[in-house]
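As structure tokens, the structure follows; a few thoughts come after it.
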Number of protein chains: 2
Amino acid sequence: MRKLSQHTICTKKKCFSAETIRRLSLYLRNLRRFKENNVKIISSGEISKCSNVSPEQFRRDLSYFGEFGKRGVGYEIERLISELESILGIDKEWRVALVGVGSLGSALLRFEGFSKFHLKIICAFDIDNNKIGKNFSGVKIHSVENLAEVIKTDNMEIAIIATLPDVAQDVADKLMGAGIKGILNFAPVALRTNDDVFISDVDMACELESLIFFVDQRKTDKEEEKERNLSFEG
Amino acid sequence: MRKLSQHTICTKKKCFSAETIRRLSLYLRNLRRFKENNVKIISSGEISKCSNVSPEQFRRDLSYFGEFGKRGVGYEIERLISELESILGIDKEWRVALVGVGSLGSALLRFEGFSKFHLKIICAFDIDNNKIGKNFSGVKIHSVENLAEVIKTDNMEIAIIATLPDVAQDVADKLMGAGIKGILNFAPVALRTNDDVFISDVDMACELESLIFFVDQRKTDKEEEKERNLSFEG
DNA sequence: CTCACTTTGTTTATCCTTTCACAAGCTCAT
DNA sequence: ATGAGCTTGTGAAAGGATAAACAAAGTGAG
């Protein structure tokens, strides 16, 4: 069992957390936006502001991997982008498999955020006979029965699970058997996996529920304050 | 600017992080699964195992809010579920607005994870005239032009942004103007917000990119090891 | 009733992440 | 060339989160 969120990696330089990596990916996206606007040089202050972190955080995150800036000047955007792409491993093309072409799955097939940057969903799997054999957004839908075969032939390493929760574990087992090394899991269950596979959970219900906690908390805080004020007056 | 991920809350008891809240939501889901299987009592060991945390972590997380277990016995599932629902604030019904009924948005409308537990998407907004006025999964699509009006009339507090990134900031501004207090953001941009609003980002591209980092890292580690072995033999 | 065995709740210690503070290095005006 | 004014990179301190350890409390067999 290997959860990404509590994973630490040690290089010759130092130990850093999975959180650092997630931030690098965020920096990268923001840098690309600056590049599109023809900005050439950027300081840690600016890039960190639009990424909602402190400048020190940004510099520290980079420092685990080398020195990419010029003192007194800042960072050359073009270079930093390609350095980050290389660090993250997305300078190569990654061929991704998708399991579950329901409403979420087909949304993912159309999602630009993946296709834009070297992350190509190459094939998809479903159990629905109406879908099998057809093309969705240019991607062929296979039967889950052929999952191992297709994935092994294509030598794929990354998969996305977008199935209903009840079958997610079964799918994960099949994927691991076929040699998949990383799973992006949208099904709201904690998958049991072996140590060879990295799991990253995208849990929308959890996110929404914790958001609600904070909104609710704020609300009751305000109500209590109001009551206190009333009792002062009374 | 108020990011959920780096938020800490202080009660009379102690300070805890947003991560604690996300874990509570996870425990809750797993507890519901146990309840469906007619389990009545559970120990911190069991519930923590299926949530991928340590038993101490689980007990610590609960301890911020009170004592819910019986020593020597464990936790009564039914009670713990309703306590957690109360803590998270999802014992009440929350009326959620959705902005952007594209492929992702309509997937969210159909997503069971929300509708199952007191989280109801009540209305949706889009700019596409072909969609406005129609019903998607029983939810009426309004024009974004009427956003403020509809949200204020309905007194809604939570919204989901599932638009393209370019318009996300504009939508967020409109939502805040209409009195929205929490935003679940699927658009891959860092939103600028005032301190009255909580933002929770669900960033699928970041997740996938950081997953790829770990898979890639593992791969190059193995290749290096193989090379070392070869040079030993040579 | 008593004692061995569980399991929770919490204090204490450890570890890790973030922030602070500053030295090192670059640029440009004079 | 030189010094003022930036900005980076990083050692050290501070702050939080996790883990270890243990006390408190319940159960059940004998």
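The sequence lines fix the lettering, A, B, ..., with proteins before strands; numbering per chain opens at 1.
Atom C1' of nucleotide D:dT18 and atom CG of B:Asn52 are separated by 16 Å, given to the nearest angstrom. Rounded to a whole Å, the CD atom of A:Gln57 is 8 Å from the C1' atom of C:dT17. A:Tyr64 places its OH atom 12 Å from the P atom of D:dG11, with the value rounded to the nearest Å. The nearest whole Å value for the distance from the CD1 atom in A:Ile41 to the P atom in C:dC26 is 14 Å. If you measure from atom CZ of B:Arg71 to atom P of C:dT8, you get 10 Å, rounded to the nearest angstrom. Following rounding to the nearest Å, A:Lys70 (NZ) and D:dG9 (P) show an atom-to-atom distance of 12 Å. Rounded to whole Å, atom P of D:dT8 lies 18 Å from atom CZ of A:Phe65. Protein atom CZ of B:Arg79 is 13 Å distant from nucleotide atom P of C:dT8, rounded to whole Å.
Partner of B:Phe68 under the side-chain contact (heavy atoms from CB on, under 4.5 Å) criterion, out of B:Glu83, B:Arg59, B:Glu76: B:Glu83 alone.
Proximity of a side-chain donor or acceptor of A:Trp94 to a complementary backbone N or O of A:Met156 within less than 3.5 Å is not detected. Using a distance-only test at 3.5 Å, with no hydrogens or angles considered, no donor-acceptor pair links the side chain of A:Asp216 to the main chain of A:Thr220. Panel note: side chain A:Asp61, backbone A:Phe65; no donor-acceptor pair is recorded below 3.5 Å.
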_Secondary-structure string, 5' to 3', Watson-Crick or G-U under 3.5 Å, | for another-strand partners, for DNA chain D_ = ||||||||||||||||||||||||||||||
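One finds no side-chain N or O of A:Tyr75 lying less than 4.0 angstrom from the OP1 or OP2 phosphate oxygen of C:dC26.
Not a single donor-acceptor pair, N or O on each side, falls under 3.5 Å between the base of C:dT8 and the side chain of B:Arg60.
In this structure, B:Lys40 does not pair ionically with B:Glu78, as no charged nitrogen and carboxylate oxygen lie closer than 4.0 Å.
Comparing D:dT8, C:dT17, C:dG9 by their nearest atom to the side chain of B:Glu67 picks out C:dG9. The listed nucleotides are D:dT18, C:dT19, D:dT8; the one nearest the side chain of B:Arg23 is D:dT18. Of the candidates D:dT8, D:dT18, C:dG9, D:dT8 carries the atom nearest the A:Ser44 side chain, counting heavy atoms from C-beta on.
Between B:Tyr75 and B:Phe58, the distance separating the two ring centers is shorter than 6.0 angstrom.
The residue A:Thr20 sits apart from the nucleic acid: no heavy atom pair falls under 4.0 Å.
Both A:Glu56 and B:Gly69 sit near DNA chain C, but only B:Gly69 has its closest nucleotide nearer the 5' end. Comparing A:Val73 and A:Ser54 along DNA chain C, the residue whose closest nucleotide (by nearest heavy atom) sits nearer the 5' end is A:Ser54.
Between B:Asn52 and A:Ala190, the shortest heavy-atom contact is ND2-CB, 4.4 Å.
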